[in-house]
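When a ligand or atom number is given, it counts from 1 through the structure's own listing order.
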Amino acid sequence: EVGGAVPEAQKASWGSFIKSIASFSGDLSSMTAPSFILSPVSLTEYPSYWGEHPELFAACAQGRDDVERMTNVLRWFIGTLKGQYTSRNTSMGSEKKPLNPILGELFIGSWPEQKGEGETTLVAEQVSHHPPITAYHISNEKAGVSLEGHSAQKTSFTGRSITVKQVGHAILRVQRKDAQGGEDLYLITLPQLSIEGILWGAPYIELSGANHIISSTGYAATINYTGKGYFSGKAHSFKASIAPTSKLDAVLYSAEGEWSGVSKWKKAPPGQDSVFWDANNDRREVQVQPLEKQGKMESRKVWEKTAEGIRSGNYDAASKDKSRIENEQRTKRKEEIAKGTPHQLEMFVHVPEDQEFVKLISAVSKGATEDTYRRKPRVH
Ligand code: CLR
């Protein structure tokens, strides 16, 4: 039944929303959607999913050798997936439509040290509004680990589901602990996702295809995803393998299972437990300053009233406030053009061709190139 999970009063508008998705290509985030599907959280907050297991993030720098470090990086990566792709279902009942960030919107937060792993800090900035692009930088100085990346999406509708191709990549930098020092890089590409359950009105994400973690150390991890009805028959499944980058089919170690549940080593490194990762381990939500201490471009400050409206079911107030913000933005852009003073990024600089990406990606895709955003150097 179409719209079975949709509140009675919104069935008609859900129907027309689906029709408009079907005849629409590009930027879903700018579409008006029925109120039951709206989330009070902006997309600038989503990079925080990368940091919700601070101990796994810090462990990326540990390990006796490059292979062991690669297994730690892979575990941290797999450990982020449950938060990234199922947490709205858990907290709000289904996948939701996030608030569409304004240009220059910031999200700043941290995970205070708990067990000697060091403090992890996060800054994210909306570096483009159309198309929407979010840049982020997450760092644990004590552990010597940082992650820098950007995130955009290309969406298309296939009839019953929305396919989302993730555009962007991240680079994990790990300080070496040996005598020579220096740093190791891990290029992280992103999987494709599809949004299922659209017709029913209860959207959820399934991952498909593959992504890679390619390291300057000479090792790479390949992660393949399947959902219900594929090799495991279970939703949210993956198989990951670690191999030398120069010979990806010479698999050294492999793990498989559910990224939102338990996964196990298939080919385990010596002396390891059979469990690779248990996603039932607690995630630690990022901490942010109280609203009254936040700057006016900080996400929760920007969307304070809109989010309040969505949370309390006062959708008129929410949509009024959202229109006010969007109008202000249009005026701002016009003024910038009139004055010849284009918007300046606050925390990041745009890099037209990411040479680190070009170099590392060549192992799986010759000649590929992408731009990136780098965190501006800070004055301490
Ligand atoms: C953003 C980057 C994160 C992972 C992630 C998770 C959920 C994705 C989101 C990204 C991008 C925007 C997204 C969202 C799920 C639904 C939403 C695709 C990739 C779209 C714009 C809303 C669709 C509207 C519905 C019918 C739910 O690291």
Side-chain angles (χ1 to χ4, degrees), residues 2-3 5-6 10 13-22 24-52 76-101 107 122 124 126-138 147-158 160-170 188-209 211 225 236 259-260 283 286 299 310:
V2 173
V6 177
Q10 294 182 49
S13 72
W14 185 242
S16 48
F17 177 65
I18 293 175
K19 279 195 198 103
S20 52
I21 298 177
F24 194 85
S25 65
D27 183 3
L28 260 183
S29 48
S30 64
M31 278 177 54
T32 356
S35 51
F36 82 93
I37 207 74
L38 301 179
S39 155
V41 179
S42 159
L43 256 194
T44 54
E45 295 205 19
Y46 284 42
S48 66
Y49 295 124
W50 290 111
E52 291 190 327
W76 157 74
F77 173 81
I78 296 293
T80 71
L81 299 179
K82 185 183 182 196
Q84 306 255 23
Y85 302 113
T86 71
S87 63
R88 279 81 52 198
N89 297 71
T90 317
S91 64
M92 300 187 271
S94 81
E95 187 55 76
K96 299 267 171 169
K97 186 173 180 293
L99 294 166
N100 188 18
F107 186 68
L122 159 73
Q126 193 67 13
V127 292
S128 168
H129 177 69
H130 195 79
I133 306 175
T134 311
Y136 53 89
H137 186 270
I138 299 174
L147 179 76
E148 186 170 65
H150 69 283
S151 162
Q153 297 86 39
K154 277 214 172 89
T155 51
S156 54
F157 195 60
T158 56
R160 39 181 41 250
S161 60
I162 300 172
T163 302
V164 181
K165 190 178 173 286
Q166 296 203 67
V167 181
H169 61 270
I188 295 159
T189 66
L190 303 162
Q192 177 165 301
L193 48 110
S194 61
I195 307 176
E196 308 289 339
I198 298 280
L199 297 183
W200 179 248
Y204 64 93
I205 287 176
E206 189 52 275
L207 297 179
S208 63
N211 78 303
Y225 301 90
H236 301 342
W259 49 260
S260 60
R283 286 186 286 121
V286 68
S299 183
I310 294 173

Enquirer: As an exercise, state the distance from OG1 of T86 to OH of Y204, rounded to the nearest 0.5 Å.
Expert: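 Separation between the atoms: 13.0 Å.
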Enquirer: Name the orientation class of the two ring planes belonging to W259 and Y85 (parallel below 30°, tilted from 30 to 60°, perpendicular beyond 60°).
Expert: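 Taking Y85 first and then W259, their aromatic rings stand perpendicular (interplane angle over 60°).
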Enquirer: For the residue pair Y46 / T134, report whether a side-chain donor-acceptor contact shorter than 3.5 Å exists.
Expert: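 On atom types as modelled, these side chains do not qualify, holding no pair under 3.5 Å.
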Enquirer: Starting from atom 23 (C) of ligand 1, what is the nearest protein heavy atom, named by residue and atom, and what distance separates them?
Expert: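 Nearest neighbour among protein heavy atoms for atom 23 (C) of ligand 1, to 0.1 Å: L28 CD1, 3.8 Å.
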Enquirer: Measuring from T32:OG1 to F17:CZ, what's the distance to the nearest 0.5 Å?
Expert: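 Answer rounded to 0.5 Å: 8.5 Å.
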Enquirer: Which atom names give the shortest non-hydrogen contact between G51 and I138, and what distance separates them?
Expert: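 Closest heavy-atom pair between G51 and I138: N-CD1, 4.3 Å.
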Enquirer: Could you find the nearest protein heavy atom to atom 24 (C) of ligand 1 and give me its residue, atom name and distance?
Expert: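 I find the closest protein heavy atom is K97 CB, 4.0 Å.
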Enquirer: Which ligand 1 atoms are under 4.0 Å away from a heavy-atom of R88?
Expert: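 The atoms of ligand 1 under 4.0 Å from a heavy atom of R88 are 6 (C), 7 (C).
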Enquirer: Scan side-chain atoms only and decide if S299 and T44 contain a donor-acceptor pair under the 3.5 Å cut-off.
Expert: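 Side chains of S299 and T44: pair found under 3.5 Å.
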Enquirer: With a 4.0 Å heavy-atom cut-off (strictly under), which part of Y49 contacts ligand 1: side chain, backbone, both or neither?
Expert: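 It is neither part, as no heavy atom is under 4.0 Å.
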Enquirer: Under a plain distance cut-off of 3.5 Å, with no hydrogens placed, do S35 and Q10 share a side-chain donor-acceptor pair?
Expert: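 Yes, because at least one side-chain N or O of Q10 sits under 3.5 Å from a partner of the opposite role on S35.
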Enquirer: Quick one: look up the protein heavy atom nearest atom 2 (C) of ligand 1 and list residue, atom name and how far away it is.
Expert: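 For atom 2 (C) of ligand 1, the nearest protein heavy atom comes out as S151 OG, 3.5 Å.
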Enquirer: Between E196 and S194, is any side-chain donor less than 3.5 angstrom from a side-chain acceptor?
Expert: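 E196 vs S194: donor-acceptor pair found between side chains.
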Enquirer: Just going by heavy-atom distances, which of I205, V164, I37 is nearest to atom 8 (C) of ligand 1?
Expert: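 Checking each option, the heavy atom nearest atom 8 (C) of ligand 1 is found in I205.
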Enquirer: Where does L190 meet ligand 1, judged by heavy-atom distances below 4.0 Å: at the side chain, the backbone, both, or neither?
Expert: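 Under 4.0 Å from ligand 1, L190 contributes no heavy atoms.
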Enquirer: When you compare the side chain of W14 with that of I198, does any pair of heavy atoms fall below 4.5 Å?
Expert: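 When only atoms from C-beta onward are counted, W14 and I198 do touch, with a gap below 4.5 Å.
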Enquirer: Do me a favour and list the nearest non-hydrogen protein atom to atom 19 (C) of ligand 1 with residue, atom name and distance?
Expert: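 Answer, as residue, atom name and distance: Q166 OE1, 3.6 Å.
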Enquirer: Give the residue, atom name and distance (to 0.1 Å) of the protein heavy atom nearest atom 28 (O) of ligand 1.
Expert: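 I find the closest protein heavy atom is Q84 OE1, 2.6 Å.
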Enquirer: Looking only at protein heavy atoms, which one is nearest to atom 17 (C) of ligand 1, and how far off is it?
Expert: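 Minimum-distance protein heavy atom for atom 17 (C) of ligand 1 reads P98 CD, 3.9 Å.
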Enquirer: For atom 13 (C) of ligand 1, is the nearest protein heavy atom closer than 4.0 Å?
Expert: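 No, because not a single protein heavy atom sits under 4.0 Å from atom 13 (C) of ligand 1.
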Enquirer: Run the numbers for me: atoms of ligand 1, each under 4.0 Å from some heavy atom of I195, listed by number.
Expert: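 Heavy-atom distances to I195 below 4.0 Å select 16 (C).
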Enquirer: Can you sort out which atoms of ligand 1 are near E95, meaning under 4.0 Å from one of its heavy atoms?
Expert: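 Those qualifying, in numeric order: 15 (C), 16 (C).
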Enquirer: Using a 4.0 Å cutoff against the non-hydrogen atoms of Q153, which atoms of ligand 1 qualify?
Expert: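 That gives atoms 1 (C), 11 (C), 19 (C) of ligand 1.
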Enquirer: Can you check atom 4 (C) of ligand 1: any protein non-hydrogen atom closer than 4.0 Å?
Expert: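 Yes, there is a protein heavy atom closer to it than 4.0 Å.
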Enquirer: Roughly how far apart are I188 CD1 and N211 CG, rounded to 0.5 Å?
Expert: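 So the CD1 of I188 and the CG of N211 are separated by 8.5 Å.
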